[in-house]
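Chain identifiers are assigned alphabetically (A, B, ...) following the order of the sequence lines, protein sequences preceding nucleic acid strands; residue numbering begins at 1 within each chain.
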Amino acid sequence: MMGSLILRTAARFLLPLLLLFSLFMLLRGHDEPGGGFIAGLIAAVAFALYLFAFDAARTRQLLGVDPRLLLGLGLLAATVSGLPSILLGEAFFTAIWWPIDVPGFGEVKLSTPLLFDIGVYLLVLGAIMTIVLALDEAEEE
Amino acid sequence: MEPVMAIVVGALFATSIYMMLRRSIVKLVIGLILLSNAANLLIFTVGGMKRGLPPLIDEGMKMPTGGWADPLPQALILTAIVISFGVLAFAVVLIHRAYEVVQEDDLDKMRSTDT
Amino acid sequence: MNPDVALPVLIPFIAGALSLVFYRSLSVQRWIGILGTGALLVASIYLLYMTYTQGIRVMAMGEWAAPFGIVLVADLLGAIMTVLAAILGFAVAVYSLATISRDNIAYGHFPLIHLLLAGVCGAFLTGDIFNLYVWVEVLLVSSFALLILGGERAQMEGAIKYVTLNLLSSILLLVAVGLTYGMTGTLNMADLVGKLAAVENQGLVTVIAMLFLVSFGIKSAAFPLFFWLPASYHTPPVAVSALFAGLLTKVGVYALFRFFTLLFDHDVGYTHEILLWMAGFTMITGVLGAAAQYEIRRILSFHIVSQIGYMIMGLALFTPLALIGGVFYIMHHIIVKANLFLVGGVVYFLRGSYDLKQIGGLWREKPWLGLLFLVPALSLAGVPPLSGFFGKFIIIRAGIEQQSWGIVAVALVVGLLTLYSMIKIWAEAFWKAQPEAHAERAAQFTAALPTRSLVLMLMPISALALLTLFIGIGAQPVYELASAAAEQMQNPQIYVQAVLGDSQ
């Protein structure tokens with residue numbers, strides 16, 4: 001493969017950093033710039049970098065699950081996040097909040113928009129990895 | 001600012017259509033990419049361009065004070081960018097597969113399904 | 001709030017997501033395919049019932065009130081289209097059990113069908129023009145992927161043209177939406193009714209109307225923008241072709257009906273005159289194209305184009321009767337056209353070819369298949385008492401009342417030529433003897449087809465044929481439904497009142 005020693009070493013160190021940064025972007029997204037889409041892109045970039053440095057087989061192994069599963073789970077989470085509001089008799093996709101107190105940390109606001117964002121995150125990651133892996137595997141053949 | 005943007009948008013549309021009329025499928029996709037960018041820039045321009053007026057509401061107020069830039073065109077463009085990103089990723093996969101199957105980059109050689 | 005409006009969008013999304021989650025198990029995907037589309041059918045019929053009894057159903061997403069938030073609106077036109085989409089989705093899901101190869105299912109046939117249906121239903125039910133663009137993209141992306149599943153050479157070549165022209169039309173739609181927003185400052189359809197009328201320079205409104213016309217004209221394959229359709233629709237597996245034939249172009253037609261009754265009725269003499277010319281040429285070019293073809297799916301593809309002309313003619317005449325005829329024709333056409341493709345698929349699985357020169361002898365061997373072909377075929381041509389006769393009758397009568405003799409003549413001649421094409425398929429595939437040169441291949445295919453698959457294919461075909469008979473023989477209730485829908489289209493104020501309520 002084309003990966004040089006420098007790229008491989010850098011990819012090893014950058015991958016966890018990028019993934020951590022993507023989670024940070026995902027969670028700060030509700031009130032500040034960020035959110036599921038951009039975080040999903042960053043996570044996908046992390047894996048794509050690994051793909052460039054190594055190969056498709058190792059990237060799949062690192063990903064652990066098939067990207068189609070990520071796609072499905074993401075779509076499911078994003079769609080389901082609209083349902084609680086219907087069950088409570090409100091309009092589809094009305095935001096519902098469940099604040100909980102975590103001792104020693106403060107208040108954590110769980111909500112349906114958070115679930116939606118996580119869904120978008122997984123969806124974007126899954127979709128991009130499906131495409132990038134398919135292209136790369138077609139090249140390797 | 002608007003006249004400059006209008007010229008840029010026009011140039012983008014013209015370039016993209018020129019690219020799409022070429023016979024190569026790679027140039028076709030480049031044309032599509034330029035076309036979606038031209039459309040986004042057009043929305044941005046017709047949405048009204050204002051400088052330094054973020055649409056933020058001050059603490060305790062119900063309406064933003066003074067002028068504000070319309071945030072909706074940007075939301076539209078963002079959505080359109082996301083969609084065209086997905087579609088164009090698909091288009092790249094498509095021309096790659098098509099090239100593998102047909103062994104040809106030339107649209108004029110892909111006429112077996114025409115009537 | 002009315003959750004029934006959101007269900008036809010929600011159910012296919014959840015079904016699609018679930019079948020992606022179970023990507024490993026083909027049988028689970030098949031079950032979700034049947035259950036998901038079945039649930040969609042139930043939900044859409046319930047929505048139609050509620051819309052018919054209680055008036056237009058509206059739901060503001062996330063409680064953001066119209067005109068600022070996105071609304072889902074089900075008026076009768078939208079609800080009828082949703083029911084038709086669900087019927088077709090269910091029929092194709094059953095048909096797919098027998099005809100779609102394991103590879104194609106493993107590559108995502110069922111999730112894509114669900115997402116396509118979600119996009120189609122969303123486009124029918126949204127009350128926001130930008131949101132319409134988003135739904136159109138959802139259904140387009142799914143259709144792109146469905147078109148190339150299998151990866152044969154013809155599919156790739158067809159897909160490149162299909163993708164390019166449809167993307168071009170989407171971008172035109174986006175540009176038109178952007179310009180509309182720049183001019184009026186709103187995207188909500190109900191709000192636009194008043195805002196567009198208040199625009200000072202009505203010439204600009206006409207320009208935007210023309211942009212929408214070109215964009216939806218490409219999507220609905222109207223003359224002179226139809227070339228992508230005959231180049232691509234015959235390439236994918238026949239179940240997919242049937243779904244495309246029934247639904248995709250009709251999204252364009254639906255959008256034309258929506259936009260040119262609700263929003264752009266300020267200059268009917270200009271816009272609808274253009275529509276009328278488009279309708280006439282669409283009919284003629286489609287039917288003449290079909291007459292030159294000798295392959296079942298290509299003949300049927302060209303006939304989609306010619307039938308689109310009748311629907312646009314209903315819209316273009318723009319009288320109450322013509323609109324009723326248009327809605328009636330859409331209902332009839334979606335069911336009949338998809339059914340013809342499905343029958344064509346059975347012919348292929350019995351004979352191993354779609355080429356009329358290579359097949360024959362089906363009437364002797366399988367007379368019931370001949371009958372199942374004749375019902376939709378004669379209905380398409382407009383033979384009484386089948387559904388197509390009443391559709392054509394209403395539209396042509398509206399044309400006579402308007403004294404538009406030219407278009408009436410075209411519609412009548414095109415009906416005759418449609419009959420010619422259908423008789424051609426009948427005579428070649430069913431009536432004449434099987435050509436000797438290809439008899440061996442045909443016998444192999446017939447022998448290789450398991451009875452279970454045949455039954456699975458015939459179930460949706462028979463159900464759709466019965467529906468055709470029902471629309472024809474029981475035309476009165478269907479006519480009343482169509483006329484109620486047309487009445488809502490004639491009076492945009494009903495729609496505006498339902499969406500904006502008392503804030504107007």
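- The environment of A:L17 atom CG is dense: over 12 non-hydrogen atoms of other residues, nucleotides or ligands sit within 6.0 angstrom.
- In this structure, the portion of C:L115 lying under 4.5 Å from any heavy atom of chain A is its side chain and not its backbone.
- Looking at A:L83, only its side chain comes within 4.5 Å of chain C, counting heavy atoms on both sides.
- Contact check for A:L69 versus C:V21: side-chain heavy atoms found under the 4.5 Å cut-off.
- C:W64 CH2: 12 or fewer foreign heavy atoms inside a 6.0 Å radius.
- More than 12 heavy atoms of other residues, nucleotides or ligands sit less than 6.0 Å from atom CZ of A:R28.
- With values rounded to the nearest 0.5 angstrom, A:L70 atom CG is found 10.5 Å from C:L20 atom CG.
- More than 12 heavy atoms of other residues, nucleotides or ligands sit less than 6.0 Å from atom CD of C:Q54.
- By number of non-hydrogen pairs under 4.5 angstrom with chain A, the leading residue of C:P111, C:A17, C:G16 is C:A17.
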